[in-house]
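Because the structure is predicted, anything quoted here is derived from the model rather than measured. Naming: A, B, ... by sequence-line order, numbering from 1 per chain.
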Amino acid sequence: MKTLILAFVLLGAAPAAFACESVSVGGITVQQPWSRVSIGTQRPGVLYLTIRNDGPADDALTAVSTPAAETPMLHETVVSDGIASMPHVMQVPVPAGETVELRPGGYHGMLMGLTGPLEEGATFPVTLTFATAGEITIPVQVLSMRAEGPECDDGQ
Amino acid sequence: MRRRSVILLGLGGAASAAAFTLGLGAWRSREGVLARQDPRLPLPLSLMDWRLTDHRGNAVSPDDWIGRPAMVFFGFTWCPDVCPTTLLDISDWLEELGSDADDLTVALITVDPERDRPEVLADYLANFDPRITGLTGTSDQVGSAAEGFRVTYQKVPREGEDYTMNHTAGVFLFHRDGRFGGIVDFHEDRRYTIPKIRRMLG
Ligand SMILES: [Cu+2]
């Protein structure tokens with residue numbers, strides 16, 4: 001069992017190079033986009049990434065689209081008074097000079113209505129719409145169920 | 001957390017004082033004991049009353065867990081964020097504890113029994129530490145379990161037939177004798193978590 005899990009983890013880590021890609025438009029840089037393997041297509045998939053705003057003005061992520069899901073949405077996991085909920089958010093603010101993460105337990109893209117299973121090692125494109133910077137399209141790497149993020153050399 | 005332990009100590013003190021003044025017979029009746037529990041904290045396993053089915057199809061009740069320390073949390077497998085994150089955290093703790101945790105009961109109780117049937121839980125849990133058990137039941141059965149743990153959950157409709165669940169997020173710890181031992185909060189620093197779990201194992 002131990003070897004099996006280890007193999008699983010290694011498989012997840014090996015092709016992570018793709019997830020270390022970054023794309024910039026204007027002052028906005030999107031990096032480390034990743035998702036988790038799905039079990040079939042019934043459950044929603046997830047999308048995590050990091051957004052850096054090197055520009056002089058505040059911006060905001062306002063929409064996500066992808067051929068991988070019929071209804072991709074922006075969510076935020078909130079734990080308040082010990083209760084976890086996952087409200088839909090209209091936008092994710094990206095203030096000037098700051099880095100904002102979509103990460104486990106916080107903001108995330110929720111890929112409702114997967115058009116196909118997300119398989120480990122595969123990639124799918126997502127297009128992010130920003131209020132000011134406009135659209136950025138980036139390939140998203142599907143990591144293992146036990147992944148906690150891509151392993152990139154430079155954290156930022 | 002600090003506040004919780006203060007409350008517990010306070011209760012302990014009040015309990016021993018009261019035990020002197022009251023007759024022990026009335027004190028020990030189940031209703032009497034229940035009435036004196038803090039309504040915000042999980043009951044001791046010995047006072048809980050529920051029956052669920054695990055992901056292998058076996059019936060489970062709280063008595064089955066007494067005699068071993070336990071770690072229990074509520075969730076549902078249709079959420080791609082909180083649930084895998086909690087399961088990953090727990091898998092990491094179990095890895096760090098190694099064989100010391102072989103004795104520990106680790107259970108996920110679904111708040112979404114409609115979709116999380118035993119075979120669905122089995123499929124899902126195959127991705128995590130094999131020591132984690134998934135529990136489900138009828139919605140009434142899950143309701144009784146939630147009552148014992150003082151957990152709340154709520155179905156939130158989304159577009160079409162779809163829905164998500166809001167639910168209590170902490171991980172509950174129980175001593176070998178079934179006494180409630182503490183809560184690990186969501187995203188709590190693991191430096192505090194591992195010693196907390198070790199206290200249950202000791
Ligand atoms: Cu979500």
Side-chain angles (χ1 to χ4, degrees), chain A residues 1-6 8-9 11-12 34-48 68-88 102-114 117-118 120 142-149, chain B residues 4 40-41 73-92 94-95 98-99 111-112 115-116 120-131 150-154 156 158-172 183-188:
Chain A
M1 197 64 214
K2 194 109 194 173
T3 354
L4 201 92
I5 291 167
L6 201 69
F8 204 64
V9 171
L11 258 175
W34 64 285
S35 180
R36 281 198 184 113
V37 72
S38 73
I39 304 174
T41 56
Q42 285 188 297
R43 292 185 181 86
V46 78
L47 168 69
Y48 300 119
E70 277 157 22
T71 322
M73 298 170 90
L74 290 170
H75 280 178
E76 184 180 17
T77 293
V78 181
V79 181
S80 107
D81 290 335
I83 309 286
S85 62
M86 206 171 56
H88 175 211
L102 274 61
R103 60 173 175 78
Y107 284 121
H108 56 276
M110 185 91 158
L111 310 177
M112 321 283 282
L114 289 178
L118 302 180
E120 193 174 335
V142 181
L143 304 181
S144 80
M145 183 69 86
R146 295 191 68 166
E148 297 183 52
Chain B
R4 272 201 195 100
R40 292 159 299 185
L41 299 177
F73 67 106
F74 285 71
F76 65 116
T77 75
W78 247 252
C79 74
D81 187 58
V82 179
C83 203
T85 303
T86 304
L87 283 165
L88 283 170
D89 284 349
I90 289 176
S91 299
D92 285 352
L94 291 175
E95 196 176 318
S99 57
V111 292
D112 184 13
R115 293 186 292 204
D116 284 336
V120 172
L121 287 173
D123 241 22
Y124 190 77
L125 290 173
N127 294 289
F128 301 95
D129 192 290
R131 288 171 283 188
R150 313 298 199 200
V151 157
T152 62
Y153 59 97
Q154 188 193 9
V156 185
R158 294 218 201 262
E159 275 166 65
E161 305 280 275
D162 196 29
Y163 62 90
T164 183
M165 305 294 301
N166 294 351
H167 61 90
T168 305
V171 177
F172 304 111
I183 296 179
V184 180
D185 288 314
F186 190 62
H187 274 337
E188 180 179 294

| note | When the 4.5 angstrom heavy-atom criterion is applied to B:Tyr153 and chain A, the contacting part is neither

| Backbone N/O of A:Met86 and side chain of A:Thr77: donor-acceptor pair under 3.5 Å | no

| Option in A:Gly105, A:Ser85, A:Ser38 with maximal non-hydrogen atom pairs under 4.5 Å from chain B | A:Gly105

| field | chain B contacts, top residue of A:His88, A:Met110, A:His75 (heavy-atom pairs, under 4.5 Å) | value | A:His75

| said: Counting heavy-atom pairs closer than 4.5 Å to chain A, which one of B:Pro80, B:Gly170, B:Gly75, B:Ala169 comes out on top? | reply: B:Pro80

| field | Interchain contact, B:Ser91 with chain A, by part (heavy-atom threshold 4.5 Å) | value | both

| query | Of A:Val142, A:Ile39, A:Thr41, which meets side-chain contact (heavy atoms from CB on, under 4.5 Å) against A:Pro117? | reply | A:Thr41

| task | Please tell me if the side chains of B:Asp112 and B:Thr77 come closer than 4.5 Å, counting only heavy atoms from C-beta onward. | result | no

| query | Are B:Arg150 and B:Phe172 in a cation-pi contact, defined as NZ or CZ under 6.0 Å from the six-membered ring centre and within 45° of the axis? | reply | no

| So what's closer than 4.5 Å to chain A heavy atoms on B:Arg158: side chain, backbone, both or neither? | side chain

| task | Pick one of side chain, backbone, both or neither for A:Thr71, based on which atoms fall under 4.5 Å of a heavy atom in chain B. | result | side chain

| request: Heavy-atom distances under 4.5 Å only: say whether B:Val120 touches chain A with side chain, backbone, both or neither. | output: both

| said: Report which part of B:Thr164 has an atom under 4.5 Å of a heavy atom belonging to chain A: side chain, backbone, both, or neither. | reply: side chain

| remark: Closest non-hydrogen atoms of A:Leu118 and A:Ala68, given as atom of the first, atom of the second and distance, are CD2-CB, 4.4 Å

| According to the interplanar angle, ranging from 0 to 90°, do the rings of A:Trp34 and A:Tyr48 count as parallel (below 30°), tilted (30 to 60°) or perpendicular (above 60°)? | tilted

| said: Is A:Gln42 in contact with chain B via its backbone, its side chain, both, or neither, using a 4.5 Å heavy-atom distance? | reply: both

| query | Is the closest side-chain heavy-atom distance between B:Thr168 and A:Ile83 below 4.5 Å? | reply | yes

